[in-house]
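What follows is a short report on a single structure.
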Amino acid sequence: MRASVLLEDVVIGDRAVLDRCVVGPGAHIPRSARFTDALVCADDGGDAPLPPGTARVDGLLVRPIEVDR
């Protein structure tokens, strides 16, 4: 994990990599998952349409974020 923010009750699986991410409360990051420059939160499984650019990945909602470097 590098330069990431984890909110409460986040679980990170073995060998998962988070690089410049914000992870919402209650998210469970699967083993060996890799996320970079992303907002990641738990998916409640609802069928509401997702905002453009947001994807469902392994029980999570993932949206890329722009990072100024």
Side-chain angles (χ1 to χ4, degrees):
M1 185 174 75
R2 187 177 79 109
S4 294
V5 175
L6 307 179
L7 299 179
E8 62 188 33
D9 299 325
V10 170
V11 177
I12 308 288
D14 292 338
R15 295 191 299 267
V17 176
L18 298 171
D19 193 15
R20 296 179 308 273
C21 293
V22 176
V23 182
H28 290 244
I29 307 299
R31 178 183 181 172
S32 300
R34 295 182 156 280
F35 296 108
T36 301
D37 297 334
L39 172 61
V40 181
C41 62
D43 183 3
D44 67 4
D47 18 333
L50 299 178
T54 303
R56 286 192 162 95
V57 179
D58 294 325
L60 300 166
L61 297 176
V62 181
R63 181 177 178 94
I65 54 177
E66 291 184 31
V67 177
D68 291 333
R69 295 185 199 163

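- Note: I29 CD1 to R34 CZ = 13.5 Å, rounded to the nearest 0.5 Å.
- There is a path of hydrophobic side-chain contacts, each under 4.5 Å, that joins V40 to V57.
- Nearest approach of G53 to P64, heavy atoms of both residues: O-CD, 3.2 Å.
- Between the OG1 atom of T54 and the CG atom of L39 there is a distance of 8.0 Å, given to the nearest 0.5 Å.
- Only one option out of D19, I65, L18, V17 pairs with T36 in a side-chain contact (heavy atoms from CB on, under 4.5 Å); it is D19.
- Heavy atoms of other residues, nucleotides or ligands lying less than 6.0 angstrom from CZ of R56 number more than 12.
- A salt bridge is absent between D14 and R31; no separation between the charged side-chain nitrogens and carboxylate oxygens falls under 4.0 Å.
- Smallest separation of non-hydrogen atoms from A27 and A42: CB-N, 4.0 Å.
- Residues F35 and M1 are members of one and the same hydrophobic cluster, defined by side-chain heavy-atom contacts under 4.5 angstrom among Ile, Leu, Val, Met, Phe, Trp and Tyr.
- Shortest non-hydrogen contact noted between V10 and L7 is CG2-O, 3.0 Å.
- For the pair P30/L60, a side-chain contact is recorded, criterion being any heavy-atom separation below 4.5 Å from C-beta on.
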